[in-house]
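First the structure, in the form of structure tokens, and then the observations on it.
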Amino acid sequence: MRLPGTRYQEHGWEDVRKLLGAGSLAALRACDLDAVLAPARHAALLDDYTDALAPLLHAAGRAARLPGNSYGDSVGALAMTLLCELQARPAFWLAFATGLAGEHAKQGPFWRAAAGDALLRKKVNDMYATLRDQVDADNYQAATGQPCSANRIYTYRMLDTAWRAIEQVFAGWPGTAAQVAAILDRPADAMPIELRQLTSAARCRPEWVIRWSESLERFGGSPGPLHTRSKRFASLRNQPERIGALLLEIGEYEALSANADGAAWLHDAQAAADWLEDLDRVGAESARAAGAGVDAVCPAPRHDTVTAALAALAAEALPVRQAVCLKLLGPDDDSYPDDWRTGPGAGLPTLAQLAALGGMSVPTLRKRRNAAIDRLVGMVPAAQGE
């Protein structure tokens with residue numbers, strides 16, 4: 001979900017959360033957590049935690065270079081920014097420290113036991129989840145001039161999740177005909193036109209959201225967000241106009257900002273480091289397989305050759321670059337972007353498919369691929385002693 005000024009509401013949040021969670025466990029182990037028992041030491045503990053976590057985020061490698069949102073922010077940059085926001089908004093840290101002290105009163109110093117990591121990480125996740133919504137709410141208000149709270153951001157996110165869930169139910173027709181009928185409040189034996197009309201949040205009708213939430217207990221086993229015992233969204237059941245206005249805002253900004261979708265160039269700054277890691281890994285694996293000290297086919301690269309190697313590859317057509325990756329890294333590698341994964345098993349296309357995409361024969365593609373690999377290898381200096 002994208003809204004004006006927000007940075008933490010998109011797909012990359014899960015990776016940001018994981019990076020902060022894993023790093024925080026290591027950072028907190030380096031701190032004296034007994035300080036949570038003394039409120040006067042909470043501020044100093046925050047400083048110690050920040051000093052311990054910041055270098056871990058910087059050293060996170062590829063996990064930190066993953067795209068965090070569609071604006072070009074990396075996961076590492078978003079995590080580091082949120083850590084700085086924590087320093088600027090110590091109330092969130094004080095609530096975290098107070099929560100740890102409360103758990104200590106129930107079960108003692110749980111953080112000293114390995115089994116305590118799960119609870120500690122949950123507390124960290126909760127702290128950053130509330131902090132990110134407040135940061136995004138403040139930035140939304142700065143961008144639009146409209147008042148916004150963390151709870152309002154949470155409501156936006158719930159409605160974005162709701163309309164996408166309705167979209168999935170509609171896409172499952174006729175297998176989901178009973179739930180589609182419940183959402184539309186009419187029979188759905190024949191294909192309803194609404195299934196084609198739902199193309200964005202702005203096209204989702206508020207009464208569908210209310211009926212979808214009501215139908216979840218029947219079709220999903222648990223009450224929907226508007227029909228739980230929680231009072232957080234209870235009032236929305238009787239405010240279809242407000243639901244419609246919020247959905248319209250989500251849909252309109254998604255459309256306004258959609259020109260950034262698929263702009264892989266936003267993350268090109270991370271490509272050199274990713275390629276360096278991939279080539280290092282391939283060289284090391286080849287060396288181990290051959291039982292030699294250094295692989296003669298694909299030796300480990302040197303940092304000062306990576307830029308030239310990337311430039312040489314960038315000059316090739318996309319199917320040729322993909323064929324190089326298919327040869328060196330295989331059909332499935334974590335470094336491949338989603339729009340490359342159109343082949344069997346959500347991996348790279350086969351060589352024949354790539355040749356068709358490039359408008360060339362398989363032998364021609366194979367020849368261009370091998371030439372590109374030869375140029376790439378030729379740019380990597382041999383290790384000393386060869």
Side-chain angles (χ1 to χ4, degrees), residues 11-12 15 61-67 70 72 74-75 171 260-383 386:
H11 57 277
D15 292 314
R62 173 166 293 179
R65 294 194 297 272
L66 291 171
S70 59
S74 68
V75 166
D261 290 340
W265 58 268
L266 290 171
H267 298 283
D268 279 351
Q270 320 302 330
D274 287 346
W275 270 99
L276 175 62
E277 287 187 5
D278 289 335
L279 292 174
D280 267 330
R281 174 168 54 80
V282 170
E285 290 175 354
S286 298
R288 285 195 297 270
V294 178
D295 179 48
V297 176
C298 188
R302 308 294 183 265
H303 284 264
D304 57 358
T305 66
V306 171
T307 301
L310 288 172
L313 285 173
E316 297 288 350
L318 178 60
V320 177
R321 299 202 304 271
Q322 289 176 309
V324 170
C325 294
L326 183 64
K327 175 71 172 179
L328 295 179
L329 306 177
D332 189 16
D333 190 88
D334 291 342
S335 64
Y336 298 154
D338 290 341
D339 56 357
W340 282 25
R341 297 174 176 273
T342 59
L348 286 183
T350 64
L351 200 63
Q353 290 171 329
L354 290 174
L357 290 172
M360 65 188 84
S361 66
V362 172
T364 299
L365 176 59
R366 186 179 291 114
K367 182 178 179 180
R368 291 180 62 178
R369 177 202 67 189
N370 293 343
I373 293 175
D374 288 343
R375 286 195 299 273
L376 180 63
V377 173
M379 293 177 184
V380 181
E386 283 195 76

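Listed by chain and residue number, nothing satisfies the side-chain contact (heavy atoms from CB on, under 4.5 Å) test with K367 (two or more places apart in sequence, or in another chain). Residues passing the side-chain contact (heavy atoms from CB on, under 4.5 Å) test with A356: none are found, sequence neighbours excluded. For R366, the salt bridge (charged side-chain N to carboxylate O under 4.0 Å, His left out) criterion is met by no residue, not counting sequence neighbours. Legend: residues meeting side-chain contact (heavy atoms from CB on, under 4.5 Å) with P363, ordered by chain and number and at least two apart, are S361. Contacts of T350 classified as side-chain contact (heavy atoms from CB on, under 4.5 Å), with partners at least two apart in sequence or in another chain: P344, A352, Q353.
In this structure, the side chains of V324 and R321 stay at 4.5 Å or more apart for every pair of heavy atoms.
Residue pairs that meet the salt bridge (Lys or Arg N to Asp or Glu O under 4.0 Å) test with at least one member in residues 341-355, sequence neighbours left out, are D332-R341.
The CG atom of L354 sits 7.0 Å away from atom CG of L348, with the distance rounded to the nearest 0.5 Å. Atom CD1 of residue I373 and atom CZ of residue R368 lie 13.5 Å apart, to the nearest 0.5 angstrom. With rounding to the nearest 0.5 Å, the separation of CG in L326 from CG in L351 is 6.5 Å.
Shortest non-hydrogen contact noted between V75 and P67 is CG2-O, 3.9 Å. Residues P349 and L357 approach most closely at CG-CD1, 4.5 Å, considering heavy atoms. Minimum interatomic distance between A323 and R369 (heavy atoms only, all atoms of both residues): O-CD, 3.4 Å.
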